[in-house]
Amino acid sequence: MTSSPKMRPETKVVHAGPEPDPLHGGVSVPIYQSSTFSFQNTDEGAARFAGRDPGYMYTRLGNPTTHALEQCVAELEEGYGGLATASGMAAVSTVFLSLLSAGDHVVGTDAVYGPTRGLAEKHLTRFGIESTFVPTEDIAAVRRAIRPNTKMIYVESPANPTIKITDIAACGHLARDCGALLVVDNTFSSPILQKPLRLGADVVLHSMTKYLNGHSDVVAGIIVSSNREAHTRIEGVLRSLGGTMDPHQAWLVLRGIRTLSLRVNRAMATAEKLATWLDAHPKVEWVSYPGLASHPQHDLAKAQMAGPGAMISFGVTGGFEGAKTMIDSVELMVLAVSLGGIETLIEHPASMTHASLPREERMEAGIRDDLIRVSVGCEAFEDLRDDLEQALAKVAIPATSR
Ligand code: LCS
């Protein structure tokens, strides 16, 4: 391990993980682009498969480059161990299928990434797993949803795309009281801004497609468990399901992580200014950003996170039509789903990332038709503000000032 718990976050992201290349002294981890690993003889092969020899066997079962990434993120999340997956959804599905069995029930955040909820409601039901999605920012609602067979509380905070914040420590207490595990999707914060395991979660997962990789060029996920038992259970299922990571993919994500602190802090500083600017604009009806005092969980965000992040959602005059005009008018921001990259992305969740949810469910979860989601990137604040300004100029004038 080349990072230490004493290190500040910006130092830790640069050094976390194993010694990159003890053999030749390379400062970057080599890419072990090999699907399989040879044995000296049958005894050695047998010893590796029996776990008596720690060497590698076959890349689905483990690979040095992927392992370096897993160790790096496990250190950043302060967990027992990490398991890299082919995508964020591979992390979500592997966690569900590892920790839940037929007859179990999961309580989840209502405004989660659309396919996460779709997986639970459309597919896990075929395996006898039930789910209830509630506004987890309301702890009483979580408590009310718990049943005798609840085995998991699944929280996304900040939530995609409402940017609502859930009290992770309070959910940890509820989970322990009812004998369930707390799983947190930490994609929107990254370990720079939030440490769910420290707050009482048992398992934390990420779509590393977002902030951890940070360059909109890789799809990837990871699962970090707080303890050996959960890690071993999930690892067994992951290796069988097969949603593991390729070594080249792992190398790219590891490269991205080295600038995580720089990117997140830069984007967040710009997001804070943009959210304040949007909030004061006459054509902006509402803004959801945890850094604004008007955010319902502003104080909780301050206590639970090292900063409010770089995701903003907002609505403009004219509702859905206004949102469409606004989104279609931006010139610098890119109209695309995904988030957490160096370029600012804008999208319309009701018709894109969360279109798979029935409208009634979306409305209940606060994913309104007028909601515009922006993932603030690393461009200059002034250029992004000017882009929003010219796009807002095309939106209809508010009725009140006509
Ligand atoms: N968890 C969260 C919070 C996400 O935002 C996403 C993807 C996933 C899990 C799944 O990760 P993936 O398999 O895509 O790596 N979120 C997306 C979004 O908001 N727009 O496009 C993808």
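The first residue of the sequence shown is numbered 1, and numbering continues consecutively from there. Start at 1 and go down the list; that is how both ligands and their atoms are numbered.
Here the protein heavy atom with the shortest distance to atom 5 (O) of ligand 1 is Asn160 ND2, 3.0 Å. At the top of the distance list for atom 19 (O) of ligand 1, counting protein heavy atoms only, stands Arg373 NH1, 2.7 Å. Given atom 12 (P) of ligand 1, the protein heavy atom at minimum distance is Gly88 N, 3.4 Å. The protein atom (non-hydrogen) at minimum distance from atom 15 (O) of ligand 1 is Thr209 OG1, 2.6 Å. The protein atom (non-hydrogen) at minimum distance from atom 18 (C) of ligand 1 is Thr353 CG2, 3.5 Å. Taking atom 8 (C) of ligand 1 as the reference point, the nearest protein heavy-atom neighbour is Tyr113 CD2, 3.4 Å. Summary of contacts: the protein heavy atom closest to atom 20 (N) of ligand 1 is Ser338 N, 2.8 Å. Protein heavy atom closest to atom 9 (C) of ligand 1, with residue, atom name and distance, is Asp185 OD2, 3.5 Å.
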#### Entry: Verdict with supporting geometry, Tyr211 and Phe188, ring pair (Phe, Tyr, Trp, His ring centres under 6.0 Å)
CA-CA 8 Å; Tyr211 288 103; Phe188 267 42; 7.5 Å; no
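Salt-bridge formation is detected for the pair Arg48/Glu44: a Lys NZ or Arg NE/NH1/NH2 atom is positioned less than 4.0 Å from an Asp or Glu carboxylate oxygen. By the 4.0 Å N-to-carboxylate-O rule, Arg198 lies too far from Glu77 to be salt-bridged with it. The residues Asp369 and Arg362 are annotated as salt-bridged, a charged nitrogen and a carboxylate oxygen being separated by less than 4.0 angstrom.
Residues Thr150 and His105 have side chains that bring a donor and an acceptor to within less than 3.5 angstrom of each other. One side chain, Thr344 or Glu379, offers a donor N or O that lies under 3.5 Å from an acceptor on the other. In summary, the side chains of Ser329 and Gln390 do not present any donor paired with an acceptor at a separation below 3.5 Å, with no hydrogens or angles considered.
When each atom of ligand 1 is checked for a heavy atom of Thr187 under 4.0 Å away, the hits are 1 (N), 2 (C), 3 (C). Under a 4.0 Å criterion applied to the non-hydrogen atoms of Val337, ligand 1 contributes the atoms 20 (N), 21 (O).
Ring-plane geometry between His354 and Tyr113 is classed as perpendicular, the angle between the planes exceeding 60 degrees on a 0 to 90 degree scale with a lower cut at 30. Ring geometry for His231 versus Tyr80: interplanar angle over 60°, hence perpendicular rather than tilted (30 to 60°).
Of the polar atoms of Thr116, none of the N or O atoms is found under 3.5 Å from an N or O of ligand 1, judged by distance alone.
The heavy atom nearest to atom 7 (C) of ligand 1, out of those in Lys210, Met208, Met89, is found in Lys210.
Here Glu156 has side-chain heavy atoms under 4.0 Å from ligand 1, and that is the only part of it that gets that close. Only the side chain of Leu339 comes within contact range of ligand 1, with a heavy atom under 4.0 Å; no backbone atom does.
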